[in-house]
Amino acid sequence: MMIAPVHNKVRALLAEDEAILRTEIKAALAMLWPELQIAVEVADGVSAAAQLNGLQPDIAFLDVRMPGLSGIDVARLTTHRCHIVFITAYNDYAVAAFDHGAADYLLKPIDLARLAVTVQRLKQRVHRPPADMSALPLPHTSERLRWIQASLGNQIRFVNIDDVHCFHADAKYTKLMTGRFDALIRTPIKDLLPQLEAEKFWQISRSAIVNVAAIDTVQRVDNGLALRLQNRTEWLNVSQTYQHQFRQM
Amino acid sequence: MMRTIGSVHIDSSGSWRRTQPDWPITPAILATGMFLFIRFFSLPYPWLIDLMCLLMAYAIAQSGFIGAQSLRVFNHASLRWLGLSVAIALATVSVILLHKLLWPPLTIPHAVWLMPVVVFLFLLATILPSAIQTEIVRKSTEELQLAAAKYAGERQLLEARLAALQGQIEPHFLFNTLATTRALLSRDALLAGQMLQHLIAYLQAAMPDLRAARISVAQELERAQAYLQIMQIRLPERFQFTIESSAEARACQLPPLMLMTLVENAIKHGIEPKIGMSHLHIRTRCDGVYLQIEVEDDGVGFQSEWGNGVGLLNIQERLQTMFGTQAELSLMPGEQGGVLASIRLPQMPESEHA
């Protein structure tokens with residue numbers, strides 16, 4: 001069994017992908033907290049995660065935007081708990097990070113007075129157990145879907161979601177139909193649905209989602225409903241489960 | 001079997017609306033039944049024959065009217081009116097023939113001309129009002145759709161401009177660049193000076209774009225170059241770029257910010273997330289008719305199939321609005337991994353320069 005080595009010095013990991021900025025942060029830390037030992041410097045998220053688990057530092061300074069893994073992913077995925085300070089050029093994630101126990105949040109360019117506050121805060125906390133960051137939410141997941149990449153032969157088209165008339169399951173792909181062309185996407189129908197606006201797109205069967213604005217005609221068939229889209233000749237059946245959407249109108 | 005109960009149309013507000021009257025199935029069946037009845041039982045009732053003729057004429061003319069309204073071949077109002085006139089004429093003629101067949105002329109109890117005239121007037125009275133109303137509704141719908149399309153085009157252009165303005169200078173880029181410049185000041189003042197020079201060039205080139213409808217390739221490339229040189233100073237061991245352009249291509253015009261959007265996308269989604277060395281190539285070509293711009297990187301390639309960014313969508317919509325099908329934005333996997341993004345657009349004539 002491995003026994004964690006005992007250190008007198010507080011050890012830190014510094015992850016920042018731009019070498020010039022890394023050197024500057026290191027110099028500033030050396031000035032404000034000479035006892036702090038920067039055990040390792042890394043330039044990407046994958047190395048940061050590996051070194052966190054290997055060297056087990058007390059503190060990690062993580063740039064939010066890094067190659068490989070983002071600083072947020074590193075904090076979520078690491079099995080070694082330590083005090084985490086996020087570094088970013090733009091203040092877009094601070095609140096969520098604090099809510100989930102980040103020790104601090106630094107803005108680039110680093111302000112020395114602000115860094116001194118961070119150092120003070122870290123000195124107070126460093127001997128307490130660090131927060132568990134595994135539940136940290138990913139930033140920007142609530143924005144609605146605007147476009148989708150679809151392949152048309154060997155070309156990739158950017159399709160505005162509003163231009164899509166219908167998504168239809170097609171073997172291992174999903175077929176996407178617009179008024180002008182049909183193309184293929186890899187995302188299955190069931191993963192697509194939560195991304196779409198419920199008022200604009202209705203599921204009509206297990207294998208099809210249609211754009212309400214693109215419906216041309218709805219007809220009653222023997223014991224159900226069928227609909228036809230604009231500029232199309234084929235009829236799509238509306239399964240029993242999804243017919244209520246049409247009835248309430 | 002599908003049974004038609006009229007067609008139902010959902011308009012954009014989501015309400016149900018009947019757009020077409022039913023096919024005249026009942027009159028047709030009734031008239032045919034009466035015809036067979038009269039034929040087989042040789043019933044000499046003049047009122048029955050007249051009624052049957054009237055029903056038959058109505059069925060034929062109404063079918064003609066609905067056919068003209070629902071078939072895509074009749075895509076113009078005058079064609080539909082022609083179709084309707086032919087149907088009414090056909091109905092009148094077939095009624096005269098039917099009448100003759102069942103009721104030899106010499107035995108008709110009323111004047112010979114009376115029946116066709118009555119049938120003709122009856123058809124006009126029953127079908128004409130609904131035909132006129134349908135055409136009026138159709139015309140106003142078409143006008144509305146035309147206005148909506150025009151409005152949508154204008155709105156896209158405004159949205160594109162707004163999005164371009166908002167997304168013009170990414171805060172991440174700006175603050176990281178300033179942070180690097182400040183760090184360089186104490187260690188390599190010369191490089192810091194160069195960095196500032198590039199930043200000034202980038203920002204200066206950004207300013208006139210806000211109003212111009214078009215910009216020369218040379219100007220757009222200058223701005224891209226300033227941006228890429230900044231990235232090269234910031235990521236010295238990780239990033240290289242090349243720009244290929246002929247004098248002819250540099251003189252071409254293109255809508256502002258399209259090239260920059262492709263370059264910024266390549267850096268942000270392809271090169272910054274990649275561990276290790278990466279390259280970016282810009283190639284511009286002009287054959288006198290089309291201008292072709294390619295931005296290729298060997299970064300991480302396509303990561304997600306969907307997104308909410310507006311940059312590429314805007315390029316596509318602006319190209320569509322300005323050039324229709326003549327211009328094209330395409331993205332393909334690059335030869336060295338990564339992404340090859342290209343824009344092809346017709347060369348913009350200098351004379352339109354406003």
Side-chain angles (χ1 to χ4, degrees), chain A residues 17-21 23-25 27 43-47 64-70 88-92 107-110 140 143-150 154-161 180 185-187 192 195 199 212-213 215-222 226-228 235 246 249, chain B residues 1-12 14-16 19 170-184 186-188 191 233-238 268 271-276 300 302 304-310 312-313 315-317 325 328-333 339:
Chain A
D17 64 321
E18 296 186 30
I20 298 166
L21 298 180
T23 315
E24 195 199 26
I25 295 169
D44 66 82
V46 178
S47 317
V64 170
R65 278 207 198 179
M66 278 189 295
L69 286 170
S70 76
T88 186
Y90 187 52
N91 185 11
D92 53 358
L107 281 182
K108 292 189 269 190
I110 304 292
H140 305 306
E143 282 217 43
R144 78 182 176 91
L145 197 59
R146 292 287 295 262
W147 51 262
I148 193 150
Q149 282 172 18
N154 67 342
Q155 254 200 14
I156 291 159
R157 289 276 186 111
F158 272 75
V159 184
N160 191 334
I161 286 300
R180 287 174 295 136
I185 57 174
R186 293 188 308 272
T187 311
L192 216 47
Q195 306 272 339
E199 295 127 50
V212 181
I215 297 176
D216 183 66
T217 38
V218 180
Q219 275 190 349
R220 211 154 291 165
V221 289
D222 286 342
L227 62 81
R228 191 175 59 187
W235 289 88
F246 295 86
M249 309 199 74
Chain B
M1 195 203 111
M2 189 173 286
R3 195 163 67 88
T4 308
I5 318 175
S7 300
V8 181
H9 179 262
I10 301 179
D11 62 21
S12 52
S15 64
W16 293 91
T19 51
E170 241 226 314
H172 271 282
F173 169 74
L174 192 61
F175 288 117
N176 265 319
T177 302
L178 288 173
T180 309
T181 312
R182 202 192 61 186
L184 281 172
S186 56
R187 292 192 292 138
D188 189 341
L191 195 56
I233 296 175
R234 280 173 44 189
L235 310 172
E237 282 121 39
R238 265 175 59 197
K268 188 174 165 191
I271 289 170
E272 278 187 335
K274 185 184 165 186
I275 301 175
V300 295
F302 295 109
S304 169
E305 205 174 23
W306 62 60
N308 44 40
V310 291
L312 289 171
L313 213 55
I315 294 183
Q316 193 161 280
E317 283 177 1
T325 53
E328 189 179 66
L329 164 72
S330 81
L331 281 104
M332 282 175 282
V339 174

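By convention in this document, chain letters (A, B, ...) are assigned in the order of the sequence lines, proteins followed by strands, and residues within each chain are numbered from 1.
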- For the pair A:Trp147 and A:Phe158, name the ring-plane relationship: parallel under 30°, tilted 30 to 60°, perpendicular over 60°. tilted

- Query: Tell me, side chain or backbone of A:Asp44 under 4.5 Å from chain B's heavy atoms, or both, or neither?
  - Reply: side chain

- Item | Ionic contact status for A:Glu24 with B:Arg187, cut-off 4.0 Å | no

- Query: For the atom pair CD1 (A:Ile20) and CG (B:Leu191), what is the distance rounded to the nearest 0.5 Å?
  - Reply: 6.0 Å

- Side chain, backbone, both or neither: which part of A:Thr88 has an atom under 4.5 Å from a heavy atom of chain B? side chain

- Under a 4.5 Å heavy-atom cut-off, does chain A meet the side chain of B:Glu237, its backbone, both or neither? neither

- Message: To the nearest 0.5 Å, what is the distance between CG on B:Leu235 and CG on B:Asn176?
- Response: 9.0 Å

- Query: Which region of A:Leu192, side chain (C-beta onward) or backbone (N, CA, C, O), has a non-hydrogen atom less than 4.5 Å from a non-hydrogen atom of chain B, or is it both or neither?
  - Reply: side chain

- Query: Do A:Lys108 and B:Phe175 touch side chain to side chain, with heavy atoms closer than 4.5 Å?
  - Reply: no

- Message: Strictly distance-based, threshold 3.5 Å: is any side-chain N or O of B:Asp188 a donor or acceptor partner for the main-chain N or O of B:Leu184?
- Response: no

- By a 4.5 Å heavy-atom criterion (distance strictly below it), what part of B:Leu331 contacts chain A: side chain, backbone, both, or neither? both

- Message: Counting only non-hydrogen atoms closer than 4.5 Å, does B:Ile275 touch chain A with its backbone (N, CA, C, O), its side chain (CB onward), both, or neither?
- Response: both

- Quick one: what part of B:Glu272 sits under 4.5 Å from any heavy atom of chain A, side chain, backbone, both or neither? both

- Using non-hydrogen atoms and a 4.5 Å limit, figure out which bit of A:Arg65 sits close to chain B: side chain, backbone, both or neither. side chain

